[in-house]
Structures are given as structure tokens and as C-alpha cells.
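First comes the structure, then the notes that go with it.
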Amino acid sequence: MIASTGSSGLYKAPLSKGLLLIPSFLSIVLTFLFQQQQELFLYNIKAIKDDFHIWKLISGRIICLDLKDTFCSSLLIYNFRTLERRFGSRKFTSFLLVAWILSAVFDFLLVEAVHFILGATLTTLPSGFLAPVFALFVPFYCSVPRVQLAEILGLFPITNKTLVYIVGLQLLTSSPYMLIVAISGLISGLFYTWDVLNVRKILCIPHWLADLFSRRLEPIFSSVEPVNEARVGMGATVDIQRQQRIELLDQQFMLSQLAHLGRRQPQQGGILNWNRLFQPLRHRNLGNQAQPQDPSPATSEEHVAQLMEMGFSRADVLFALRASNNDINIATNFLLQR
């Protein structure tokens, strides 16, 4: 999803902001000031296998040594920030951790497969935090709504996801061996999405560690909440205004889904009671706000817990879930747009 630029665009996405700023800064510093030290951050498969330089599995998979890769991966991380808002920072971090670890294994398996099938020996792969970025295309494709904006010749639709896929294709074609990293990342993303071998529980970030980082680091990378006017096309350039319009269209798409669900439930009172839904969300900070009743049997406590982990209050979560017929994806989108 594409939105307005600036720090407010990273609201409720501190990890995305950290991944956007720190590796990009280090990549630029290495390129212009410490070119002799770039060898330390080279993702050298041969050195890892033959010389047992295991530490290169870490140093070689954090910082991009090619500024084109840095630019493209930064754009993708910025646009994938909406996934951190959906998942919550803890689950988003767990996803990236799983993808980063599993992709290292798949990198070696794919290199060996290329050597066995084609007889080609790959000594190095593109450096940087690239495989987890490709892994994020899996939840991006599955969970982010697709909103059509225009068509080319009446045949090819232009959606709010088109630019993201184009940037991903540019990153994929930036290096001859980037395909290895992309495939390992996508496989890792599928492993987490399908919970293969129970990886979600095995490699999940513990609550105590998430709380520690939340207290220590989140204040550093947190962003101010965007004002309402930022969503109505007040950007400084035409491109920024277009991006802001896309986010507004996405919000309208979510609201139309909620209205459609309301029309499908006449037995529960007909059209959705919007005042009942919006009022507590607009006045969530009021001390005299009445507490909602316990969730109805149709409201999943698991969904309530997941949404509360993302930082929403129980009252807002209950109203959103009831209004969306317990559909966690629609409820999440609605809560994020308020």
C-alpha cells in the first residue's frame, strides 16, 4: 500500500522505520567512506562453506553493498509498513526473524541445486537484508486489499499494489544471482504463513524480549500520528498527492466492505449501526467512556487478543469485530484507518 511520505507515514511501524533508516545509513557510509571494509559484509557462500566463516551469515545478510539494492529494498520496506500495523510489531519481528533464518538455509540448498543441475558454482550472493524483504511479498499479496485505480487499454489494471510489484521486479533484476535470494525469501515467507514445522512457535519473539525492546527502542523510532488533513491530498508534489489518494481509496474500500456486511445481516438489525461503531473510537481517550459488554459468542477471543496485541483497546476491538462479523482482516483494516 502506498501512502504519504515522511515520518508520519511510519506511524505505528517503529521496526519498519528502524529497518528503513539504519541499514540504509550504513550502506551509504560503507559505499562512500569505508570501501576497504566492504569485504567484511560480503555474502561469500564459498568462504562460509570452505573456510567456516560462519559470521558472514550475519554480516553478509544485513547491509546492502549495492546502492540500487539499498534504494529498492528501502522503498519496499516503507510500503510493507502496513504489515507491521496489521501484525503488531512483535509478530512482524517474528516473521522477519523466521524469514531471515530460514532463507539462510534455503540459500545453501538452492546454491547446491544450481551446482548439481547446471554445473555452475556460485561463490557470492547479493548482500543485505534482502530475503526477508522478498518474504514480505507473501503476506502483502494475501492480506492487503487490492484496489483498482485505473486500466491500461482497458486490459491491464493499475492497483494500489502495482508500484510495489514493479519495485520488487526492479530489485529482482538488479543482480544475476538475486533470483536465488528471492526464491529463498518467498519460500521462507510461505513457511511462516502456512506454519510449516510449527515455525511460528519455535522462532517466536518472547513476550519479555518484545516488552524490553518496546520500552527501550520504540520511543526512539516511533512517529507522530498523522493529522487528518494528511490524507486528503495536501502533499507537496503530484506523486505524493497521488499516494495519499490511494490510501484514502483503500480506506473507502474497507468502509464499503463493512457496509456490505451490514446489508447481509438483516436478522441482526439491518443496516450497520455506524453511530454505535464510531462513537467509542472517536472518544477513546475520554475517561468517562462506558465499558462495553462481554463479547458475544460470535466474537472470537483469539481475534480479540491478536488485535489488542497491536495496541488497540478492548472496546475498539470488540466494536470492530462485531461490525465486521468477526472478520479479523476487515476489523484490522478498519482499526488502522481510524
Polar side-chain atom of S27 near backbone of C64 as donor-acceptor pair, under 3.5 Å: yes
Single hit among I183, V181, L179 for side-chain contact (heavy atoms from CB on, under 4.5 Å) with L172: L179
Residues two or more places apart in sequence or in another chain: which of them pass side-chain contact (heavy atoms from CB on, under 4.5 Å) with L57? Y43, I48, I54, R61, A104, F108
Point-to-point distance, once rounded to the nearest 0.5 Å, from CG of L122 to NE2 of H115: 10.0 Å
Is it the case that the ring center of Y141 lies less than 6.0 angstrom away from the ring center of Y165? no
Do you know which two heavy atoms are closest between R146 and P157, and how far apart they sit? NH2-CG, 3.3 Å
Can you name the closest pair of heavy atoms from T193 and R200 and give their distance? O-NH2, 2.7 Å
Assess R81 against Y78: is NZ or CZ under 6.0 Å from the centre of the six-membered ring, and within 45 degrees of the ring's axis? yes
Pair F106 + F191: ring centers closer than 6.0 Å: yes
Parallel, tilted or perpendicular, judged at 30° and 60°: which one describes the rings of F87 and F95? tilted
Report the residues that fulfil salt bridge (charged side-chain N to carboxylate O under 4.0 Å, His left out) with D51, sequence neighbours left out, ordered by chain and then residue number. none
Output the distance between atom NZ (K49) and atom CG (N44), rounded to the nearest 0.5 Å. 10.0 Å
